[in-house]
Amino acid sequence: GIDLGLEFYASQDLSFYANYSYISNNVFENVPIKGGDGATETTSVSAPQNKIRLGGNYATAKGLRANLSIQYDESFMALLGQFSGETGDRTVVDLGLGYKFNDMITFGVSAQNLFDKKYRVFPLFPQIGRRVLATLTFNFGGDK
């Protein structure tokens, strides 16, 4: 397999990134079973062969902050007992907005799976939809 990552800093406050992961084989057939008198099985790493993530971050020392990312995971065969089967492709968009008031107080809101496209990590797992999280952070140490 291979993992590639690239980050480009357009300015001190703005950056863009791209990540790509590839594994050459994620399903292994006719794997001998130890002590199985010639019996074999099919196994899987239960992960996609191709994963892509693109995004950008904007963060000033104080003031507005934002991030956006898009992730694509190719469908794969999961072999996990009752949770076995094809997972289906998924594309998820995440967005975060925030504001850093000073060295002590930061507020943020993030939405994972912004467009609420339902998916399952593995077959028969619970469906995942949009998740929204608001945070208010107090840093009592200031800028030390």
#### Entry: Contact summary for F28 and V45, nearest pair of heavy atoms
CE1-CG1, 3.9 Å
### Message
I'd like to know if the side chain of N67 reaches the main chain of G96, judged simply by a donor and an acceptor atom lying under 3.5 Å from each other, with no hydrogens or angles considered.
### Response
yes
### Message
As an exercise, state the distance from CG of D3 to CG of N19, rounded to the nearest 0.5 Å.
### Response
8.5 Å
### Query
Which heavy atom in A66 sits nearest to a heavy atom in L97, and how many Å separate them?
CB-CD2, 3.7 Å
### Query
Rounded to the nearest 0.5 Å, what separation is found between the CE atom of M77 and the OG atom of S46?
9.5 Å
### Query
Can you list every ring pair (Phe, Tyr, Trp, His ring centres under 6.0 Å) pair that touches residues 34-82, not counting sequence neighbours?
none
### Query
Roughly how far, to the nearest 0.5 Å, is the CG atom of L95 from the CD1 atom of I70?
10.5 Å
Considering only distance and modelled atom types, tabulate donor-acceptor pairs under 3.5 Å from the side chains of residues 8-18, sequence neighbours left out.
| residue | atom | partner | partner atom | Å |
| --- | --- | --- | --- | --- |
| S11 | OG | D13 | N | 3.2 |
| S11 | OG | L14 | N | 3.2 |
| S15 | OG | E7 | OE2 | 3.2 |

### Message
Let me confirm one number: the CD1-CD distance from I128 to Q112, rounded to the nearest 0.5 Å.
### Response
9.5 Å
### Task
Apply ring-ring contact (aromatic ring centres under 6.0 Å, His included) to F122 and list each qualifying residue two or more places apart in sequence or on a separate chain.
F125
### Query
Which heavy atom of F115 sits nearest a heavy atom of R130, and at what distance?
C-NH2, 4.2 Å
### Message
I'd like to know if I23 and I2 are part of one continuous hydrophobic network [Ile/Leu/Val/Met/Phe/Trp/Tyr, side-chain heavy atoms within less than 4.5 Å].
### Response
no
### Task
Take Y20 and N50 through the side chain to side chain contact (heavy atoms under 4.5 Å, CB included) test and state the conclusion after the steps.
CA-CA 7 Å; Y20 174 68; N50 293 286; 2.4 Å; yes
### Task
Determine whether L114 and V109 fall in the same hydrophobic cluster, where Ile, Leu, Val, Met, Phe, Trp and Tyr are linked whenever their side-chain heavy atoms lie under 4.5 Å apart.
no
### Student check: side-chain heavy atoms of V93 and L68 closer than 4.5 Å
yes
### Query
With sequence neighbours excluded, what pairs up with F138 under the ring-ring contact (aromatic ring centres under 6.0 Å, His included) test?
none
### Query
So how far is it from T43 OG1 to E29 CD, rounded to the nearest 0.5 Å?
9.5 Å
### Query
Transitively linked via ILVMFWY side-chain contacts under 4.5 Å: L136 with M104?
yes
### Message
Do V121 and V92 land in one hydrophobic cluster if side-chain heavy atoms of ILVMFWY residues count as linked below 4.5 Å?
### Response
yes
### Task
May I have all residue pairs that pass salt bridge (charged side-chain N to carboxylate O under 4.0 Å, His left out) and include part of residues 72-90, sequence neighbours excluded?
D73-R90
#### Entry: Separation of Q49 CD from N25 CG (nearest 0.5 Å)
6.5 Å
### Query
Looking at side-chain heavy atoms only, is the closest gap between T42 and V27 below 4.5 Å?
yes
### Task
Determine whether T87 and P123 make a side-chain contact, defined as any pair of heavy atoms from C-beta on separated by less than 4.5 Å.
yes
### Qualifying salt bridge (charged side-chain N to carboxylate O under 4.0 Å, His left out) pairs with a residue from residues 42-67, counting only residues at least two apart or across chains
R53-D94
